[in-house]
Every structure is written in C-alpha cells, then in structure tokens.
Trainee: 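Structure below; questions to follow.
Each chain gets a letter, A, B and so on, in the order its sequence line appears, and its residues count up from 1. Because the structure is a prediction, the values reported are computed rather than measured.
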There are 2 protein chains.
Amino acid sequence: MPGTLDDVARAAGVSRMTVSNAYNRPEKLAPATLERVLQAARELGYGGPSAVGRSLRRGRTGVLGLLLNDALPYAFTDPGAVAFMRGLAVEAAARDLSLQLIAATGPAAARAVADAVVDAFVALAPADDDPALATVLARRLPLVTAGAPALPDVPCVTIDNVAAARRAAEHLLALGHTRLAVVTWRLLPDGHAGPAGLDRQHGSAFGVRRDRLAGYRQAVERAGLAWEDVRVEERPGNSREDGYAAGDAVLDALGARGPLGVLASTDVLALGVLQAARERGARVPEDVSVVGLDDVPEAAASTPALTTVHQDLFAQGRECARRAAGALPGPVHRHPSRLVVRASTAPPGGG
Amino acid sequence: MPGTLDDVARAAGVSRMTVSNAYNRPEKLAPATLERVLQAARELGYGGPSAVGRSLRRGRTGVLGLLLNDALPYAFTDPGAVAFMRGLAVEAAARDLSLQLIAATGPAAARAVADAVVDAFVALAPADDDPALATVLARRLPLVTAGAPALPDVPCVTIDNVAAARRAAEHLLALGHTRLAVVTWRLLPDGHAGPAGLDRQHGSAFGVRRDRLAGYRQAVERAGLAWEDVRVEERPGNSREDGYAAGDAVLDALGARGPLGVLASTDVLALGVLQAARERGARVPEDVSVVGLDDVPEAAASTPALTTVHQDLFAQGRECARRAAGALPGPVHRHPSRLVVRASTAPPGGG
DNA sequence: ATGAAAGCGCTAACAC
DNA sequence: GTGTTAGCGCTTTCAT
C-alpha cells in the first residue's frame, strides 16, 4: 500500500488539499510547493490518489457496464456479441469511458452486479426475469437492454424478432418447403438437449428466442401447416458444435424421408447444421435447406453461403451505449431486419 | 440517489450497522428486524449498499483490468485480441471477477488508468514506453504484460517473437525465395503508410513488431541476402484493409518482376495481402507466396489456406489472468510457437 | 496559493 | 442480536 494523501501531506509539510491539488490541478500550485509535494510522494512511494476514493467523492466512475447473460467467455465466442460489443466500444471510447464486462448469470452474479462500480448498464439479451435487472433498477443506474424488452419502462434496442423469424420461415415456405425443423438455443436453463415441446417454448424466459419461435410459428400456421409437426430441436448453447449436434439429431429423425427445411434461430447454429449436413453427405440446398438469423460475418463466407435475416448488431451496440451513457429514456427502438438470400436455400429437391 | 444506510437506519429505527448486516449477513438478524429494515429500504427506494462505498471499505473491487494499446473497438476487430480476451475471461469467470477493458492510449488514457477501479491489470502488447505501465506500477497493483517484455521485473507472457518471425522467413527462404517483402503494422504512432527504413524499424517502441522484424532480418541475413533489399511496408493499423493496401503497394513495386515472397507480420495483414494478390490476378502461391504470423482462426479458412506461425493466444490470456489475479510474480514466460505450412506458400514460380 | 471543515457511503472489530 | 467506534482515501466549498 503506497500510503495516502495525508501521509504525503505530512511528509511534505503541507495540507492534504495541497497534495490533492498537486495531482489534480498542478498549475494552481507554486512550482516550489509542487516540486516538494511530488518529491515527498516519490520518496514515500505514493502512487497517486486512490481510484476508489476518487470515485466515492466524485460520484462517477467513467465505466460503462455490460451485463452478459452467460459465462464471461461466451461473449468472445459469439460473433454477434462481438459485433455488439464493438458498437459499445465505439461509443464508450468517444466518451472516454471504459467498458466492464459482467457475468450476470450464475451464483456470483448478484454480488457482481450489486458491486459493479459503473455509471450505467447495458444488458445484452437478458432473460425476462433476470434478477440482475432488478438490482440495477434498484441502484437507480441508467439501464438499456438489447435483444428483447425485458422490463416495462426500460429503454430497449432490438429488432422485431418475431417478424425476423417469420420472414425466414416465409422464405422457406415460399420455396415450397413443407417439411420443416427448427433449431434453437437454450429455452430453459436446465441444460436440455433434444426436442422442445410447447411447454418449453412458451415457458422460456429468453425473450429473443421465444420471439423467434413465435415468428416461425406464425409463418407456419399462416401457410396452413401444423406447428406440432415442426420438430423444435433445442441445444443448451449457441455454438457451431451445438448446431452440429442439433442438425445431426434433426437429420437422423427426418432427413431420410425427403427434402428438409431447417430454421436455425441463430447463424452460429445454422453454420453447425450446414456442417452436419455436409458431413453426412446431404446436399445443401437440394436435400437440406438452411436459413439462419443474425447475418454474422461468417454467414457470407460459409460454403454454401448462408441464407439468413440480417440485423446490425454493431449499430445496436452503439445505440445502447449512447442511450445508457446519456441516460436517454425513450421506448423500445426496433432496428430494421431484412432477409438475405444466399446459397443455402432452394426449393425442396433443388427443383 | 436512493439514499444511504443511515437513511434506512433512521427510518427503521435501528443502527446503520444493522442495515449493513441486513444486506451482508441477513441470517445474523432477528427475522423481525430484518423485515423492518427491508421494509424501510423499500419505502425509501434504497437500492442497497453503494458499490463504491463497499469497494473503499473492503479494499478490493472484484475487477480485472485489461489495458489496450489501441482504441477500444480495435480489441473486437482483431481475432487475436479476441482469443486473448477469451482466455482472460475464462480465468476471470473462475474467480468471479469482472473484466474491464481500458484504452491505455490517447489523451484520456492517463486518467482512465489512474482512475480504474480494479484489483489487477493485464496489458496487451504495450509499447516499451507506455506511460500507463508506470502508472500501474506506481499504484502498486499487480501487472502482467502480454506480447513483449516491456519493463524489467514485470511478469510477461509471450512467445519468442524473434524466433517465430525467423521461422516464417526461413520457410520462405528454404523454398528458394530470394525476392522478399515484409508487411508490418504501425512501428511509430505517426500514421505513416509506406516503406519503413531502418530508422523506423529500430526506433519502434512496439516490442512485438520490432521483434518480428528482427526475426525476419536474422533469417534473411543468415541466408546471405541483404536486409536492405527487403522492402518493409508499414501500415498504421492491423486490419485486412491495411494488409490489402500494403499488398497492393508491394505488388505494384515488385510484383511484375517475378515471384515474390511476402512476410506479413500478422495473419490479419496476410489475409489482406492474399486478397490484394487475388484481385490483381496474381497466383498464390505460384506468383506470390504469403506467410503470416499468429494463426488466427481465419487463417485456416482462407483461400488459399494461410501458411503461418502458430501461437496460442487463448492460453496466454488464461495465464495472464491467472498470474495477475494471483499476483504471481515470476519472469517472462515464453509460450511455444510453430510453423504451420498450408497452401499460401510454395517455391518461387510454383516449381 | 494554501488550508480547514465537512462529508462521500460503507464495514471490521469490538462492545453491549 | 444490535450498537458504537473508527476509520477506508478523497475532493468540494469556502475561508484565508
């Protein structure tokens, strides 16, 4: 411990305030005094005013907090999350803020959120009932959510996930697909991997995923098909591996009986499905058509290139940071999304 | 502002300590008291103990700080940095730490570093003379650097960049290349784009890049060639675009006169060079051989797949976090690196 | 140009 | 179980 302002003050024979000023407003000090103070600090090994003391006194921290709905490393695995954080980073940098990543899930989350020394929070795709949000609100800190409106009266930046998913499904239906399967990421936090019934679909607290399922369902039912006939394959994570496993399961169950259309609720899962299809020798898009959602950079570069619904997560990150840092209220802002047809979809059988 | 412990204490007719305990050790309170306190808090809209007050009192923050040597958004652009941060995140999560990203460059950097409320710092590829490091040391906080030993007695996790670069160059030389060019990222912070002379090469404060140039040079001279004949093309950033522009410049100057070997000091730059070559119709590897350094995930997926020198930035991130969080001293730890031959290199002319 | 007073909000240690 | 004491390290305001 390098000591305190008082220690330096004593050693330099000045008041604590003078030492404080030496660091904060050196030009206000007589050059001789300044030098004496700095000299004393050097001799004591004093490292400058404590950051926490300063924050306490000033009432601000210069930090923007990002609440992650997953383990910390996941944020760096998901290209969508990376794009979003890059957007946050741009606006944080413009305001000289640092960016703090906080796991808002797991046993230590409550403490981490309660103890986070930040000026404002952005929550990325929180669950509806995420207790971290209540904590943030109780702390009276600005909060913006991204992905889905979790709480009334909390500003939210997102797309219309229902419409985006509907658009994906409509694309497959318009191509003539009637045999469909859905691949989705964790609906309930119980690690389930396998088909998800209506109970899970409706019971999910994850707004984004629930909305996407709802969108798929709308399109399916409007086309006169039965939602119950659509297998909804759930995996606990959003990784290529999860997508691969889900694709395998779906193709095991349905692939042999003719062309299949797969609705993957994220591009990352879709990329895994593509790989599963490829490795078992199914032709994409002739035997298996796959449509993703998000349009992450990898989607355009995959083989075949992934048909998907585009959203701009970078722009959403920027807006979240701007609104959180400015404590700008305002309602849900839905960014646009649009279908991007590439090579992973075609009429059933390639016809 | 939601008020303080004292406000709640007054309202509940108890002492401040009791309110504190209601939040920190509820089991130690008589249920009736607890309820009365919580009720008072609710009525006052008290949001729980202040995070800053707590940090001040406790003397710890639960945060690991990452010092970035660039603007904040860059960290999310560079796949190497992302892998490194993922490693940090794994170990941070294991210790219930949050991860704070701090721009240690630019006008506001000094304040940001001095005011960062963290328990320890990791600095990613800092410049030798980075003033942020001195600040950290003055604050007596644990510090680990990654990428290059910047300061004596500061633990450092890295690879032997000289050896790694030498290996890349030796590969090209062994294939028979005698016409070589180097593409490197910012050597001096002046935005220069173009050929870099020996002055810039030696004057660079960026250890990683200087070491890599030194490694290339060693191999070249050991092969009996003159380093002066090797064009060193510098770009201010480490992006595909920078690599593209550098590749273009190099090919403009040297490409027409026969097969060329390009030493790109990062994979990201190499990927840009590959694209530049492709777009001007040069055949890779026949007309232009390209070798990168880092082995980011994209390197294996490019067309043609990139020959490069592998290092495990994820593992280095983990070790940095472990050592910073544990305040583990110890000297420079050099992780291994190894040449990975893929399809972007061949003997000159493809022979 | 320098200093004194007055907290910012909290908790460890120890009484009661 | 609950309260008292004694700070954690700093800066704003106002005086001198």
Side-chain angles (χ1 to χ4, degrees), chain A residues 1-38 40-41 44-62 111 114-119 138-141, chain B residues 1-38 40-41 44-62 111 114-119 138-141:
Chain A
M1 300 297 166
T4 80
L5 282 187
D6 271 316
D7 300 334
V8 179
R10 213 155 356 198
V14 298
S15 84
R16 178 184 17 181
M17 257 331 287
T18 300
V19 183
S20 174
N21 281 328
Y23 285 94
N24 293 311
R25 274 178 292 280
E27 73 282 2
K28 297 262 172 199
L29 290 197
T33 322
L34 178 58
E35 189 40 54
R36 194 148 40 91
V37 168
L38 262 26
L44 285 173
Y46 177 70
S50 127
V52 183
R54 264 185 165 161
S55 288
L56 178 60
R57 185 60 241 217
R58 290 205 212 272
R60 77 179 291 279
T61 68
R111 269 198 89 90
D115 285 355
V117 175
V118 303
D119 292 329
R139 289 184 60 183
R140 296 274 197 286
L141 288 174
Chain B
M1 302 300 165
T4 81
L5 281 188
D6 270 318
D7 301 334
V8 179
R10 213 155 354 195
V14 297
S15 85
R16 181 182 18 181
M17 248 342 274
T18 300
V19 183
S20 174
N21 282 328
Y23 285 95
N24 293 311
R25 275 178 291 279
E27 72 283 1
K28 297 260 173 202
L29 289 197
T33 322
L34 178 59
E35 188 42 53
R36 194 149 40 92
V37 169
L38 261 26
L44 284 173
Y46 177 71
S50 127
V52 183
R54 265 184 164 162
S55 288
L56 178 60
R57 185 58 242 217
R58 291 204 211 271
R60 76 179 293 277
T61 69
R111 270 198 87 90
D115 285 355
V117 175
V118 303
D119 292 329
R139 286 184 63 183
R140 296 273 197 287
L141 288 174

Trainee: For D:dG9 and A:Ser50 - does any side-chain N or O of the residue sit under 4.0 Å from the phosphate oxygens OP1/OP2?
Mentor: no
Trainee: Rounded to whole Å, please give me the gap between CG in A:Leu56 and C1' in C:dG7.
Mentor: 9 Å
Trainee: Would you compute the distance between atom OG1 of A:Thr18 and atom OH of A:Tyr23 and round it to the nearest 0.5 angstrom?
Mentor: 13.0 Å
Trainee: How many Å lie between CD on A:Glu27 and P on C:dT2, as a whole number?
Mentor: 12 Å
Trainee: Taking only side-chain N and O atoms of A:Ser15, does any of them lie within less than 4.0 angstrom of OP1 or OP2 on C:dT2?
Mentor: no
Trainee: For the atom pair CG (B:Asn21) and OG (B:Ser15), what is the distance rounded to the nearest 0.5 Å?
Mentor: 8.0 Å
Trainee: Between atom CZ in A:Arg139 and atom C1' in C:dG9, what is the gap in whole Å?
Mentor: 12 Å
Trainee: Between atom CZ in A:Arg60 and atom C1' in D:dT12, what is the gap in whole Å?
Mentor: 16 Å
Trainee: So A:Ser55, base contact, sugar-phosphate only, or nothing? Heavy-atom distance under 4.0 Å.
Mentor: nothing
Trainee: Answer yes or no: does a side-chain N or O of B:Thr18 lie under 4.0 Å from OP1 or OP2 of D:dG1?
Mentor: no
Trainee: In whole angstrom, give the distance that lies between atom CG of A:Asp6 and atom P of D:dT11.
Mentor: 12 Å
Trainee: Output the distance between atom CG (B:Leu38) and atom OG1 (B:Thr33), rounded to the nearest 0.5 Å.
Mentor: 11.0 Å
Trainee: Categorize B:Tyr46 for me: base, sugar-phosphate, or nothing, with a 4.0 angstrom heavy-atom threshold over every strand shown.
Mentor: sugar-phosphate
Trainee: Hey, does B:Gly48 reach any base, or is it just sugar-phosphate, or nothing, if we go heavy atoms under 4.0 Å?
Mentor: sugar-phosphate
Trainee: Considering all heavy atoms of both residues, which atom of B:Val37 and which atom of B:Ala12 are nearest to each other, and what is their separation?
Mentor: CA-CB, 4.1 Å
Trainee: Can you find a pair of side-chain heavy atoms, one from B:Thr61 and one from A:Val117, that are under 4.5 Å apart?
Mentor: no
Trainee: Just wondering, do A:Asp119 and A:Leu141 contact through their side chains at under 4.5 Å, heavy atoms?
Mentor: no
Trainee: Base, backbone or nothing for each nucleotide of nucleotides 11-16 of chain C, written B, S, -, heavy atoms under 4.0 angstrom, 5' to 3'?
Mentor: BBB---
Trainee: Answer with base, sugar-phosphate or nothing: what part of the nucleic acid does B:Val52 contact at a heavy-atom distance below 4.0 Å?
Mentor: nothing
Trainee: Are the side chains of A:Asn24 and A:Arg54 in contact, using a 4.5 Å heavy-atom criterion?
Mentor: yes
